[in-house]
Protein chains: 2
Amino acid sequence: MRNNGFTEENQLSLLIWLRLVRVYENSNDLSNEFLKQFDLSVNQFDTLVQILIHQPVSQMEIAEHLTITKGGVSHMLGRLEKEELIERKQDWKVKYITLTEKGQTLIEKVLPLQSDFQASLFDPLTDEEKKVFYNMLKKIHRHSQDVNRLPRGVQ
Amino acid sequence: MRNNGFTEENQLSLLIWLRLVRVYENSNDLSNEFLKQFDLSVNQFDTLVQILIHQPVSQMEIAEHLTITKGGVSHMLGRLEKEELIERKQDWKVKYITLTEKGQTLIEKVLPLQSDFQASLFDPLTDEEKKVFYNMLKKIHRHSQDVNRLPRGVQ
DNA sequence: TCTCATCAGTATACTAGTAAACTTAAATTC
DNA sequence: GAATTTAAGTTTACTAGTATACTGATGAGA
């Protein structure tokens, strides 16, 4: 692989980024595969978890928790409603979302299994390393949110 | 937030996972926003970079590098071809992909800018911390690939 | 050499999201 | 209290990927 526009000082950071992307994609694929036995995708699972934690909850609030648009939530809930996992109840102007009996039972069964799996990804790290890793991630996250608020031209 | 199915030992690992997802999504959004000035998405950019590095290259090889399906590559290249950034040349059974003059010029301009940005995400870490972070990521990645090859029943 | 398997790439139907226009109800303001 | 603004949610058109069936060419075996 030739040096096509990569400067040396960037090299390590770019390797980190590529690796991080792979870890993310890999874990997501594994989770999707695992959840298939419950007829759920990762996104459906995440949505149900947010409803479990916050119910009764408006669609706008769900959108904020999941960082997707209200349109996306509307689509998603349409599918979950058709499978009778959630209910929408109009109260004044807002629709409040709750889990149905069926949805509650399902998510309470799946959540601990999926949590254990998600957590097991980090098994190769010691507890001490996990703390270090987490703190670094927090720094990176905070920094990326700052960038978010700055204009970024071609300098 | 009540304790809904989360065990205590998992807590830190789950926090890591949630944070990692946010960092990934956040950085992706920022990159997409940045690349918009060149009429590129992150995925188009990544594709062009792979072609730059490996050209001439078959569509199957591109699919492997990007970890998407050959169908996805076919769609993607259709779009890039329409914008005259790449060329497909049939040689025997295989189509070999190369950048056009226009594509080459564009990606050589954008790559260093985008690399600098991508790398700047990790600015809050010292060089020493970056090495530590990278090594942990490698461990996690290798572990997740092992999981990949094991059958995963309900625990 | 004919047939059959294989493999690169394409086409089609589907999933899941976004953006933006639209609907409807509530809140505000005159 | 009528008119306007605001906000929640829906709808539609669009983007980008997957899975799967298909096309067409290569290469191998009888």
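Treat the numbers as computed from the prediction; the structure is a model and nothing was measured. As a basis for the values below, the full set of heavy atoms in this structure was taken, side chains included, without hydrogen atoms, waters or symmetry mates. Just so we're on the same page: letters track the sequence lines, and every chain starts at 1.
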- prompt: A:S74 side chain N/O closer than 4.0 Å to the phosphate oxygens (OP1, OP2) of D:dG9?
  reply: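 For D:dG9, OP1/OP2 do not have a side-chain N/O of A:S74 under 4.0 Å.
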
field: Any A:Q59 side-chain N or O less than 4.0 Å from OP1/OP2 of D:dT10
entry: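 Yes, because at least one side-chain N or O of A:Q59 sits under 4.0 Å from OP1 or OP2 of D:dT10.
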
task: Give, for atom NE2 of B:H141 and atom CG of A:L121, the distance between the pair rounded to the nearest 0.5 Å.
output: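 These two atoms lie 11.0 Å from each other.
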
query: Rounded to the nearest 0.5 Å, what separation is found between the CG atom of B:L80 and the CG atom of B:L48?
result: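 It is 5.0 Å, given to the nearest 0.5 Å.
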
- request: Indicate whether the side chain of A:Q145 and that of B:R22 have a donor and an acceptor atom separated by less than 3.5 Å.
  value: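 Short answer, no.
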
query: Looking just at side-chain N and O atoms, do B:E64 and B:Q59 make a donor-acceptor pair shorter than 3.5 Å?
result: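 Absent: no donor and acceptor within the cut-off.
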
What is the distance from [atom1] of [X] to [atom2] of [N], rounded to the nearest Å?
{"X": "A:K36", "N": "C:dT15", "atom1": "NZ", "atom2": "C1'", "value": "13 Å"}
{"X": "B:I62", "N": "D:dG17", "atom1": "CD1", "atom2": "C1'", "value": "16 Å"}
{"X": "A:K70", "N": "C:dT24", "atom1": "NZ", "atom2": "C1'", "value": "12 Å"}
{"X": "B:E33", "N": "C:dA19", "atom1": "CD", "atom2": "C1'", "value": "15 Å"}
{"X": "B:E64", "N": "C:dA8", "atom1": "CD", "atom2": "C1'", "value": "12 Å"}
{"X": "A:K82", "N": "C:dA16", "atom1": "NZ", "atom2": "C1'", "value": "13 Å"}
{"X": "A:D29", "N": "D:dA19", "atom1": "CG", "atom2": "P", "value": "9 Å"}
{"X": "A:I68", "N": "C:dA16", "atom1": "CD1", "atom2": "P", "value": "12 Å"}

The side chain of [X] is closest to which nucleotide in this list: [options]?
{"X": "A:N43", "options": "D:dA8, C:dA16, D:dT10", "value": "C:dA16"}
{"X": "B:M76", "options": "D:dG17, C:dG17, C:dT10", "value": "D:dG17"}
{"X": "A:T69", "options": "C:dA19, C:dG9, D:dA16", "value": "C:dA19"}
{"X": "A:R79", "options": "D:dG17, D:dA8, C:dG17", "value": "C:dG17"}

message: Would the base of D:dT18 count as contacting B:H75 through its side chain, where contact means a donor and an acceptor less than 3.5 Å apart?
response: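 Result: at least one qualifying N/O pair found.
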
- request: Identify whether any heavy atom of A:K95 sits under 4.0 Å from a base atom; if not, whether one sits that close to sugar-phosphate; answer base, sugar-phosphate or nothing.
  value: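 A:K95: backbone/sugar contact only, no base atoms under 4.0 Å.
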
- prompt: Do B:K139 and A:E129 meet the salt-bridge criterion of a basic N to acidic O distance under 4.0 Å?
  reply: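 A salt bridge links A:E129 with B:K139.
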
